[in-house]
Amino acid sequence: MSSHGSDNITSEKHIGAHEVATAAVPATHVPHVSGKEKAVHNAELFAAIKEAKIEPWSKESIHLYFSIFIAFCCACANGYDGSLMTAIIGMPTFQSTLDVADTGQKAAVIFSMYSVGAMVGMPFAAFIADKLGRRKSMFSGAVIIILGMIIISSSHSYAQFVVGRFVLGLGISVMTVAAPAYAVEVAPPHWRGRCTGFYNCGWFGGSIPAAIVCFGTNYIDSDWSWRVPLIGQAFACLIVMVGVFFIPESPRWLMANGKEDQALAFLVKYHGNRDPNSRLVRLQIEEMREGIRLDGIDKTWWDYRPFLLSHSGRWRLAQVLMISIFGQFSGNGLGYFNTVIFKNIGVTSVPAQLGFNILNQGLSAIGALTAMSLTDRMPRRKVLVTGTFLCAVALATNAGLSAVLDRNDKNNLPFDEAYGQGALASYFLFNIIFSFTYTPLQGAIPTEALETTTRAKGLALSGFIVNGMGFINLFAGPIALGNIGYKYIFVFVAWDVIESIIWFLFGVESQGRTLEQLEWVYNQPNPVKASLKVDKVIITDDGKVAEKIVA
């Protein structure tokens, strides 16, 4: 980028998302001042962040944390269901009341109907998020989930329970389109990874309480052993329904709907320390003016053509497809059937299975939260390539040890406790690695890859794919585990190796750039190569960016 004059800040209209002239950094071929040289993904953004110095414990920042927490609760509602049915399906009172086993077609329908409802609801979820806004969409989803909770918790028949599962899926589709879009759109650029990562860690905010509740209610010798956990599904939704009235609307949704003054007011208050001349505020508002079209496709609910008809759209779609498919079909879908897997490796009592389920959720949460805290500094692409391959290694270890246990069982040999413990440990290790690799990035990758005017639709498409893969996991899982047992795990071993290669070849690095600056990356002939490009800047002793070095 050539210099735009001697001033550190200019207000010229920028040429492209990468060549931002607003808050531009003077550029030279040879450094004019002494200081420390540093490689960054974008000099202008780095300089703006250095000068912004958002106070992490100011009144505005705390309010912003609360806003992200409300989005987090939407993910909690989704995670609660993931752990809930894993535990309930093994309870004798549930099985006798609804005449269902923990494997087989009936169990498959109960699990998968949730995904079917979510798939049906996704196109409508995108329309609601774009039409009504992110806050009202989260509220609407919570209402639908509570309706589904009432249906399933009062069930006395298999058919009623299945219908309730479908309604729950509809509600979760509305919430999980609006919530991640909201989290990424309200976060300052240098907090974006942690905010979206924290949102997706809400899965464990729901799954761990559900596992604990089910462990406790398992000792109730009546239908309340499974009805009480089902009623608990409303808790996170109630927080969302109240909380949305106390949080601001997304500035990018406001901008896309002609409310620029409100969008600017948000940025000044939450990203600029109430300073309208903040370098970070000026950078973002100019990029938003350039990148958000008031007559965009968010105004036409059925129009998904931009994902297919442009080079940029196809690459963005590729990132959404990859994280949506790989994030659901890397072996993590086995978690719905933990009780069956634990049984296969020698854990036969229901209390022990539920206890190990809690432990597994806790260890996975540690992996996810560790990654979340590092998301704004870790390169996404390297983590996905390496982490996915390590997932294959952990699953291969588990499957190999399970094979020995299965052979011993068929030959009427005694159970080898060492092999059982090894298989259990490798399964826990897989879940830790997967959670570290994918949980924060399942929220970050699709939201970063999509533009404001396509974000809700792209997330709806992602949700459709996620639930489509979930349907395969949930319908095929009980049948496959019932028919071929541990051998089903080898499918994911091979697939994870393929995933790792695909991430290496086609994964676009999005860390270190604003959402609008990524437009430049995706418009390049090779976005993967472009995303790895770095700028070099000179940082003075007082921590400010003095100039940008041009190669």
Side-chain angles (χ1 to χ4, degrees), residues 82 85-87 89-90 100-112 115 325-350 352-353 356-357 359-360 363-364 387-435 437-438 468-502:
M85 289 310 303
T86 299
I89 198 71
V100 64
D102 58 0
T103 59
Q105 290 190 1
K106 277 193 171 183
V109 171
I110 285 178
F111 277 112
S112 61
S115 296
I325 295 172
F326 301 167
Q328 293 300 310
F329 205 69
S330 296
N332 53 310
L334 294 167
Y336 276 95
F337 316 108
N338 280 343
T339 53
V340 178
I341 291 174
F342 295 152
K343 186 188 300 182
N344 288 342
I345 57 179
V347 182
T348 55
S349 75
V350 173
Q353 291 169 2
F356 278 124
N357 189 41
L359 178 60
N360 181 58
L363 292 173
S364 298
T388 306
F389 181 78
L390 291 177
C391 283
V393 174
L395 283 178
T397 303
N398 174 268
L401 294 171
S402 297
V404 176
L405 294 173
D406 181 70
R407 185 183 63 213
N408 289 351
D409 182 60
K410 288 179 178 177
N411 293 329
N412 295 319
L413 297 175
F415 177 80
D416 193 320
E417 188 172 331
Y419 280 99
Q421 291 174 346
L424 187 63
S426 59
Y427 182 65
F428 285 159
L429 180 62
F430 159 75
N431 282 286
I432 294 170
I433 296 170
F434 175 86
S435 298
T437 304
Y438 278 95
M469 299 309 299
F471 176 83
I472 295 173
N473 275 324
L474 297 176
F475 192 84
I479 298 172
L481 287 169
N483 291 337
I484 61 175
Y486 75 90
K487 295 177 183 177
Y488 184 49
I489 298 173
F490 281 116
V491 173
F492 298 105
V493 173
W495 179 239
D496 284 356
V497 173
I498 295 172
E499 286 180 358
S500 181
I501 295 170
I502 293 174

| said: Once side-chain contact (heavy atoms from CB on, under 4.5 Å) is applied, do any residues pair with Ile432, and if so which ones, sequence neighbours excluded? | reply: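 side-chain contact (heavy atoms from CB on, under 4.5 Å) check on Ile432 returns Leu363.
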
Which heavy atom of [X] sits nearest a heavy atom of [Y], and at what distance?
{"X": "Gly420", "Y": "Leu405", "value": "CA-CD1, 3.8 Å"}
{"X": "Thr388", "Y": "Ser500", "value": "CG2-N, 3.8 Å"}
{"X": "Asn332", "Y": "Ser330", "value": "OD1-N, 3.3 Å"}
{"X": "Thr437", "Y": "Gly387", "value": "OG1-CA, 3.2 Å"}
{"X": "Val493", "Y": "Ala396", "value": "CG2-N, 3.5 Å"}

When you measure from the side chain of [X] to the backbone N and O of [Y], does any donor-acceptor pair fall under 3.5 Å?
{"X": "Ser115", "Y": "Phe111", "result": "no"}
{"X": "Asn398", "Y": "Ala394", "result": "no"}
{"X": "Ser426", "Y": "Ala423", "result": "yes"}

Within this structure, what is the [atom1]-[atom2] distance for the pair [X] and [Y], rounded to the nearest 0.5 Å?
{"X": "Ile433", "Y": "Leu390", "atom1": "CD1", "atom2": "CG", "answer": "5.0 Å"}
{"X": "Leu395", "Y": "Tyr427", "atom1": "CG", "atom2": "OH", "answer": "8.5 Å"}
{"X": "Gln421", "Y": "Leu401", "atom1": "CD", "atom2": "CG", "answer": "11.5 Å"}
{"X": "Trp495", "Y": "Cys391", "atom1": "CH2", "atom2": "SG", "answer": "14.0 Å"}
{"X": "Ser402", "Y": "Phe490", "atom1": "OG", "atom2": "CZ", "answer": "8.0 Å"}

| With side chains defined as the heavy atoms from C-beta onward, is the minimum distance between Glu499 and Asp496 less than 4.5 Å? |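 Answer yes - side chains close enough.
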
| field | Parallel, tilted or perpendicular: rings of Tyr438 and Phe434 (30°, 60°) | value |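 It falls in the parallel class, under 30°.
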
| task | Over 60° means perpendicular and under 30° means parallel, so classify the ring planes of Phe356 and Phe428, tilted if in between. | result |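 Tilted: the ring planes of Phe428 and Phe356 meet at 30° to 60°.
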
| message | Would Phe326 and Ile502 count as a side-chain contact (heavy atoms from CB on, under 4.5 Å) here? Give the steps. | response | CA-CA 10 Å; Phe326 301 167; Ile502 293 174; 3.8 Å; yes

